[in-house]
Enquirer: 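Just passing along the structure, written as structure tokens.
Treat the numbers as computed from the prediction; the structure is a model and nothing was measured.
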Amino acid sequence: MRAWEREAPDINTDQLHKSEKNAVGMGLVALNELFGRWGEPAYRSIQVFEGIYKHRWSNWQQFSNLSKELRDKLATELIIEWPLLDCSLLSSDGASKHTVRLIDGKHVECVYIPYDGRATMCISSQVGCAMGCAFCATGSMGIVRNLLAAEIVGQVLAMAKYHRHPKDLPLNIVLMGMGEPLHNLKQVMDAFAILNHPKGMAIPPRRVTISTSGLVPGIIKLGEYSPRPRLALSLNATTDIARTKIMPVNSVWGLDQLSRALKSFPLHADEQITLEYVVIKGISDSMEDARRISDFANQFPSKINLIPYNQLQMSEYLPPTETLLNEMGSYLADRGHVVSIRRSRGQDIGGACGQLVIAK
Ligand code: SAH
Ligand code: SF4
């Protein structure tokens, strides 16, 4: 059985302080349950939910809309603990990569990318990744564990605070950091519910994107949620032989099954599936590939991102030439596709696509 066909391990709960429950990561259901037990009215849950996720308060004494008595009671039962940003590196292009220390001492990375009065946060869903893609630094780590919803939301809160991201400034969230989000769908969707809730961070669903290597059962399951984030597929190769070589997941769910799952994915009227395509010299950079990308993309509403391969240390792969990359882009544009060449930000700090890796 392949690593991704098993559930990824969860956090070892012995390492969580049992006596201390963290309010960060609790959704309205859990808060309702707590206040119900205490005989408090249900609107208290909304007040606490808003305080944590909307106002980003990190101390119970800041909850001035609650009585002193209730604040003290909350402080004895629940901590408010955000993940710690251990190390933050600023790239010359304005992007920042942060290393987040988790409660069990493990680490993940996340990236803040400001542009034109907006920002995109690239966040992680797992420590490591089970999918083993040959071109990806995270893949070389193997899977360590799933992140909790609290740890996924925590990356957003911690970066918003660090960068003083104004509450009214549009924020895009992409689950394109470490891990395969569809291999940890439950926690990812719990986190999404908090990020999206109008009383929480109120991030619209269309501003959240889950990127997958092609876990077909996960794609189908994601389509059953409403609201849900947008979907991106890391296509990366255009024949089963080539794709299986660089993405082992393709040996289980090949291109046919993938396109069937994408064709039946229930899209909204204005929605498209993003196809990400890492262009690697001599592997995935031919005009034949461009033609097959176009054929694949024509099967459902889509847009295409061509990503020049970011070279990793000790890797056999090389980035494509600028000429070939641009030719592929022009060909796809001429065939009527919405296409962009996405030059990764944060390359000088190891924060670009596929560069996120942490020694275990
Ligand atoms: N596991 C998910 C999301 C995280 S990877 C997925 O694979 O979709 C985010 C993106 O970075 C993917 O599209 C992946 O194909 C791309 N990527 C991985 N390694 C890369 C590299 N070395 N250079 C450029 N892009 C890379
Ligand atoms: Fe995992 Fe995505 Fe990297 Fe593949 S590209 S190893 S799925 S993080």
Side-chain angles (χ1 to χ4, degrees), residues 91-95 97 111 113-116 120 122 133-140 172 174 176-177 209 211-214 232-250 254-255 258-259 262 272-357:
S91 160
S92 54
D93 63 22
K97 180 177 81 165
V111 185
I113 310 154
Y115 58 97
D116 295 344
T120 293
C122 175
C133 303
F135 49 84
C136 171
T138 310
S140 67
N172 296 305
V174 294
M176 295 185 187
T209 302
S211 172
T212 180
S213 55
L233 170 77
S234 298
L235 179 63
N236 295 351
T238 58
T239 65
D240 279 321
I241 292 176
R243 196 163 189 270
T244 300
K245 257 191 206 147
I246 55 171
M247 301 183 75
V249 65
N250 196 77
L255 289 167
L258 256 181
S259 61
L262 297 181
Q272 294 143 333
I273 294 173
T274 303
L275 296 177
E276 296 158 279
Y277 188 92
V278 178
V279 189
I280 307 176
K281 188 175 189 174
I283 303 272
S284 57
D285 62 349
S286 71
M287 293 313 284
E288 273 300 287
D289 283 315
R291 187 180 57 72
R292 286 188 293 252
I293 297 172
S294 170
D295 292 345
F296 191 86
N298 273 334
Q299 301 178 84
F300 41 83
S302 60
K303 56 183 174 190
I304 302 166
N305 278 342
L306 297 179
I307 311 169
Y309 169 70
N310 289 312
Q311 200 168 2
L312 311 174
Q313 275 172 355
M314 318 223 299
S315 161
E316 58 189 289
Y317 300 123
L318 293 169
T321 62
E322 275 296 306
T323 318
L324 263 182
L325 186 65
N326 291 330
E327 272 177 22
M328 287 177 89
S330 312
Y331 172 85
L332 289 166
D334 289 347
R335 299 238 350 213
H337 297 283
V338 178
V339 57
S340 60
I341 297 182
R342 198 174 80 199
R343 282 163 221 284
S344 280
R345 307 259 309 256
Q347 296 207 23
D348 52 342
I349 51 169
C353 290
Q355 288 185 323
L356 303 183
V357 67

Enquirer: Run the salt-bridge test on Arg243 and Asp240 with the 4.0 Å N-O cut-off and return the result as yes or no.
Expert: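 No, Arg243 and Asp240 are not salt-bridged.
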
Enquirer: Let me confirm one number: the CE-CG distance from Met247 to Asn236, rounded to the nearest 0.5 Å.
Expert: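 Result: 5.0 Å between the selected atoms.
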
Enquirer: When rounded to the nearest 0.5 angstrom, what is the spacing between NE2 in His337 and NZ in Lys303?
Expert: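 Reported value, rounded in 0.5 Å steps: 14.5 Å.
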
Enquirer: Roughly how far apart are Leu318 CG and Ile283 CD1, rounded to 0.5 Å?
Expert: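 One gets 9.5 Å once the value is rounded to the nearest 0.5 Å.
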
Enquirer: Quick check: closest heavy atoms across Pro320 and Leu325, and the distance to 0.1 Å?
Expert: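 Looks like CG-CD1, 4.2 Å.
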
Enquirer: Would you find a donor on one side and an acceptor on the other, under 3.5 Å apart, between the side chain of Ser284 and the backbone of Val278?
Expert: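 Yes; at least one donor-acceptor contact below 3.5 Å.
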
Enquirer: Using modelled atom types and a 3.5 Å cut-off, is there a donor and acceptor pairing between side-chain atoms of Ser315 and backbone atoms of Tyr317?
Expert: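 Looks like yes, one N/O pair under 3.5 Å.
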
Enquirer: Ignoring hydrogens and geometry, is there a side-chain-to-backbone donor-acceptor pair from Ser330 to Asn326 under 3.5 Å?
Expert: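 Indeed, once roles are kept as given, a pair shorter than 3.5 Å links the two residues.
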
Enquirer: What distance do Ile273 atom CD1 and Phe300 atom CZ have between them, rounded to the nearest 0.5 Å?
Expert: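 Atom-to-atom, Ile273:CD1 and Phe300:CZ are 5.0 Å apart.
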
Enquirer: Using 0.5 Å steps for rounding, measure from the CD atom of Gln299 to the CG atom of Leu262.
Expert: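 Gln299 CD to Leu262 CG: 8.5 Å, rounded to 0.5 Å.
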
Enquirer: Run Thr238 and Phe296 through side chain to side chain contact (heavy atoms under 4.5 Å, CB included) and show every step you take.
Expert: CA-CA 8 Å; Thr238 58; Phe296 191 86; over 6 Å; no

Enquirer: Specify the closest pair of heavy atoms between Leu312 and Ala137, including all atoms of both residues, with the distance to one decimal.
Expert: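 Of all heavy-atom pairs spanning Leu312 and Ala137, the closest is CD1-N, 3.5 Å.
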
Enquirer: Before you tell me yes or no, could you show the steps for Leu332 and Tyr277 under side chain to side chain contact (heavy atoms under 4.5 Å, CB included), namely the whole-Å CA-CA distance, both residues' side-chain angles and the distance that decides it to 0.1 Å?
Expert: CA-CA 12 Å; Leu332 289 166; Tyr277 188 92; over 6 Å; no

Enquirer: Hey, could you give me the OG/CG distance between Ser213 and Leu235, rounded to the nearest 0.5 Å?
Expert: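 Reported value, rounded in 0.5 Å steps: 11.5 Å.
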
Enquirer: Compare every heavy atom of Ile304 with every heavy atom of Ala297, then report the nearest pair and how far apart it is.
Expert: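 Heavy atoms of Ala297 and Ile304 come nearest at CB-CD1, 4.0 Å.
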
Enquirer: Between Asp285, Ile341, Val279, which is the residue that forms a side-chain contact (heavy atoms from CB on, under 4.5 Å) with Pro308?
Expert: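 Checked Asp285, Ile341, Val279 against Pro308; only one passes side-chain contact (heavy atoms from CB on, under 4.5 Å): Ile341.
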
Enquirer: Can you give me the closest heavy-atom contact between Tyr309 and Phe135, atom names plus distance?
Expert: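 What the structure gives for the nearest pair is CE1-O, 3.6 Å.
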
Enquirer: Decide side chain to side chain contact (heavy atoms under 4.5 Å, CB included) for Thr274 and Leu233; before the verdict, give the C-alpha distance in whole Å, the side-chain angles of both, and the deciding distance to 0.1 Å.
Expert: CA-CA 6 Å; Thr274 303; Leu233 170 77; over 6 Å; no

Enquirer: Which atom pair, heavy atoms only, marks the closest approach of Gly177 to Cys122?
Expert: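 Looking at all heavy atoms of both residues, the shortest contact is N-SG, 3.5 Å.
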
Enquirer: How close do Glu276 and Ser211 get, counting heavy atoms only, and between which atoms?
Expert: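 Smallest heavy-atom distance, with atoms named: OE1-OG, 2.7 Å.
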
Enquirer: Taking side chain to side chain donor-acceptor pair (under 3.5 Å) as the definition, give me every residue that meets it alongside Tyr331, ordered by chain and number, with sequence neighbours left out.
Expert: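 Only Arg335 meet the side chain to side chain donor-acceptor pair (under 3.5 Å) criterion with Tyr331.
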
Enquirer: Any donor-acceptor pair under 3.5 Å linking the side chain of Asp289 with the backbone of Ser286?
Expert: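 At least one qualifying donor-acceptor pair exists.
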
